[in-house]
Amino acid sequence: MSAYCCPLCQQPLQRQNQALVCAKGHQFDYAKEGYVNLLPVQFKKSKQPGDNQDMVQARRRFLNAGHYQFMRDALAKEVSACYSGTGYVVDMGCGEGYYSAAMAAQFQDPELVHGIDIAKPAVRYGAKRYPGCQFAVASTKQIPMASGGASVVSSVFAPIFADESARLLQDNGHLIVVSPGPRHLAQLKALIYQQVREHTAPDTPPGFNRQRQQLLQQQISLAGDDARDLALMTPFAWKFSEIQMADLASADEVTIDAEFFITVYQKIS
């Protein structure tokens, strides 16, 4: 029995060779890279939902350079500390699997950590690079997994769907959220906004209690190409002009504040 349910009829999916099949005969084949697509075409709101190829490649290059490793390591430790010993871990909006892989490294079970994202190019890359995780293309608003099967749900710079997180989690399970710290990327924002506002800590989602929170702060020095990739992978990438992007790419060094809140919530049972 897999951890997934059929997105069409909600019946449990079972692994049969290189496919997942439900009792009603709906079948979802694994791609050669090792992920499964659980986003039926009729559920898509666009031809290619999620981040486009340029954003995926920029984020992949930036993260692989190790600039956010200090946050990645802290997140993985929190996931390990919160894991109940039963069930699985769901990384909602996993992107290329950079953080999912760090979570999986805390355990010995390649079936334990599941990375879910709607962007197929990102999931394809994650599955190819990180075979120690399970990856699926699906909407994080409605993840095709059984209720109450997850010990930990994580959300790294992704929308927090509180009801869906609570549905997935066991009683007293944990939701771990990574969000921008007060001055996160302030230097980049100063290039496109007249006034740079500081981020505040996230509100507690309904159905959860906040257990603890840490603020990670580090200044990172970036060569021009890395600074441009960072700008491309942000939600405000479209606000940069071509000239500004070119200036970033040609800079010898750019110093950026990287700040993150890591907040641990527990499901109210």
Side-chain angles (χ1 to χ4, degrees), residues 1-15 20 22-23 36 38-39 71-95 97 99-118 132-179 201-215 260-269:
M1 185 76 67
S2 77
Y4 300 113
C5 296
C6 178
L8 298 173
C9 67
Q10 288 72 56
Q11 295 293 313
L13 288 170
Q14 293 188 353
R15 182 78 180 251
L20 293 176
C22 74
V36 63
L38 297 177
L39 186 67
M71 181 269 280
R72 180 196 195 203
D73 293 344
L75 171 62
K77 289 180 181 178
E78 283 287 14
V79 170
S80 179
C82 290
Y83 184 63
S84 66
T86 61
Y88 41 80
V89 176
V90 180
D91 187 16
M92 299 178 74
C94 67
Y99 303 108
S100 311
M103 298 174 200
Q106 303 291 308
F107 309 100
Q108 300 298 317
D109 184 355
E111 301 288 326
L112 198 148
V113 176
H114 296 262
I116 309 292
D117 202 287
I118 202 170
C133 306
Q134 301 295 310
F135 288 99
V137 178
S139 170
T140 52
K141 292 181 180 179
Q142 191 173 6
I143 295 178
M145 302 178 87
S147 300
S151 174
V152 180
V153 170
S154 65
S155 175
V156 182
F157 286 108
I160 303 169
F161 298 109
D163 290 346
E164 183 67 350
S165 297
R167 182 190 70 80
L168 290 170
L169 284 167
Q170 305 167 348
D171 289 345
N172 301 313
H174 291 86
L175 169 64
I176 304 177
V177 175
V178 178
S179 57
D203 294 331
T204 300
F208 291 87
N209 287 322
R210 195 179 92 169
Q211 281 202 323
R212 58 185 176 274
Q213 182 179 84
Q214 58 178 309
L215 174 61
F260 308 94
F261 288 113
I262 299 182
T263 312
V264 178
Y265 304 98
Q266 187 169 40
K267 177 181 174 180
I268 299 173
S269 300

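Values in this document were obtained by computation on a predicted structure and should not be read as measured data.
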Tell me the closest heavy-atom pair linking [X] and [Y], and the distance in Å.
X: A138; Y: P144; result: CB-CD, 3.6 Å
X: A150; Y: V90; result: CB-CG2, 4.1 Å
X: P202; Y: Y265; result: CG-OH, 3.6 Å
X: I160; Y: P205; result: CG2-CG, 4.2 Å
X: P159; Y: S155; result: O-OG, 3.6 Å
X: Q211; Y: H174; result: OE1-NE2, 3.0 Å

Only residue of Q214, R210, Q213 satisfying side-chain hydrogen bond (donor to acceptor under 3.5 Å, both in side chains) with T263 is Q213
Would you call [X] and [Y] a side-chain contact if the rule is heavy atoms closer than 4.5 Å?
X: F208; Y: L169; value: yes
X: I262; Y: I176; value: yes
X: Y83; Y: L112; value: yes
X: S100; Y: F135; value: yes
X: R212; Y: E78; value: yes
X: L13; Y: L38; value: yes
X: V79; Y: F107; value: yes

Indicate yes or no for a side-chain donor-acceptor contact from [X] to the backbone of [Y] under 3.5 Å, with no hydrogens or angles considered.
X: R167; Y: I143; result: yes
X: S151; Y: G87; result: no
X: Q134; Y: P110; result: yes
X: D91; Y: G115; result: no
X: Q170; Y: T86; result: yes
X: S165; Y: F161; result: yes

Out of curiosity, [X] [atom1] to [Y] [atom2], how far, rounded to the nearest 0.5 Å?
X: M92; Y: D117; atom1: CE; atom2: CG; value: 10.5 Å
X: L75; Y: S80; atom1: CG; atom2: OG; value: 11.0 Å
X: I116; Y: L39; atom1: CD1; atom2: CG; value: 11.0 Å
X: D163; Y: L168; atom1: CG; atom2: CG; value: 11.0 Å
X: L175; Y: K267; atom1: CG; atom2: NZ; value: 11.5 Å

For D203, does the CG atom sit with more than 12 other heavy atoms under 6.0 Å from it, leaving out its own atoms?
->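 Incorrect, the count does not exceed 12.
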Please say whether more than 12 non-hydrogen atoms of neighbouring residues, nucleotides or ligands are located less than 6.0 Å from CG in N172.
->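 Yes, enclosed.
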How about S2 and R15: does a side-chain donor come under 3.5 Å of a side-chain acceptor?
-> no
Trace of the side-chain contact (heavy atoms from CB on, under 4.5 Å) decision for E164 with T140 | CA-CA 8 Å; E164 183 67 350; T140 52; over 6 Å; no
